[in-house]
Asks: 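A single structure is presented below for examination.
Atoms considered below: every heavy atom in the structure, side chains included; atoms not considered: hydrogens, waters and symmetry mates.
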Amino acid sequence: MTTAKDIMHAGAQWIPAHETLDRAAQLMRDLKVGALPIADADERLCGILTDRDIVVGCVAMGHDPAKVTAGEMAQGTPRWIESDSGVEDVLQEMESHQIRRLPVIEDKRLVGMISEADLAQHLSEEQLAGWVERVYARG
């Protein structure tokens, strides 16, 4: 069985909830990613911050990204998947919650991220087409 760990991008990094959005943007630039999991003081997942969140939720609202923290942007219940979960569980989690990135957790620690690009690289054309249809064809 192919697992989340098999298809994830290893080496994902947290951003602490107390870090500012300007620092988050710099880290995204340096890592060449569009999203960062947010960690609380106990290094537990408390959200995901995207580049779009910074632009739409901070800059476009007239806020200073040097004064807004990643934790302030964390909303809702973060979604994640265990590293030994099967690919069908990954697809179901992403589909049912309409998310494009999914943190992978092992022993309560972040070990990677799964993005749409990871799915495209590791799924069969049939699997990918079915998933895309279910996610993007919703009216």
Asks: The criterion is side-chain contact (heavy atoms from CB on, under 4.5 Å); which residues satisfy it with D42, sequence neighbours excluded?
Replies: D40, R44
Asks: Is the side chain of E72 donor-acceptor paired with the backbone N or O of T69 at a distance under 3.5 Å, no angle test?
Replies: yes
Asks: Give a yes or no on whether D30 atom CG has more than 12 heavy-atom contacts from other residues, nucleotides or ligands under 6.0 Å away.
Replies: yes
Asks: Counting C-beta onward and ignoring hydrogens, is there a side-chain heavy-atom pair between E19 and W14 closer than 4.5 Å?
Replies: no
Asks: Of all heavy-atom pairs between K5 and M8, which one has the smallest distance, and what is that distance?
Replies: O-CG, 3.5 Å
Asks: I need the minimum non-hydrogen distance between P16 and I38, along with the two atoms involved.
Replies: C-CG2, 4.5 Å
Asks: Between H122 and T2, is there a side-chain heavy-atom distance shorter than 4.5 Å?
Replies: no
Asks: Can you check whether V55 reaches D51 side chain to side chain, under 4.5 Å on heavy atoms?
Replies: no
Asks: Side-chain contact test, heavy atoms from C-beta onward, threshold under 4.5 Å: evaluate it for R101 versus T50 and give yes or no.
Replies: yes
Asks: P37 versus M113: any side-chain heavy-atom pair under 4.5 Å?
Replies: yes
Asks: So K108 and E43, do their side chains get closer than 4.5 Å, heavy atoms only?
Replies: no
Asks: Donor-acceptor check, side chain of R134 to backbone of G130, threshold 3.5 angstrom: yes or no?
Replies: yes
Asks: What pair of heavy atoms forms the shortest contact from P65 to T20, and how long is it?
Replies: O-CB, 3.6 Å
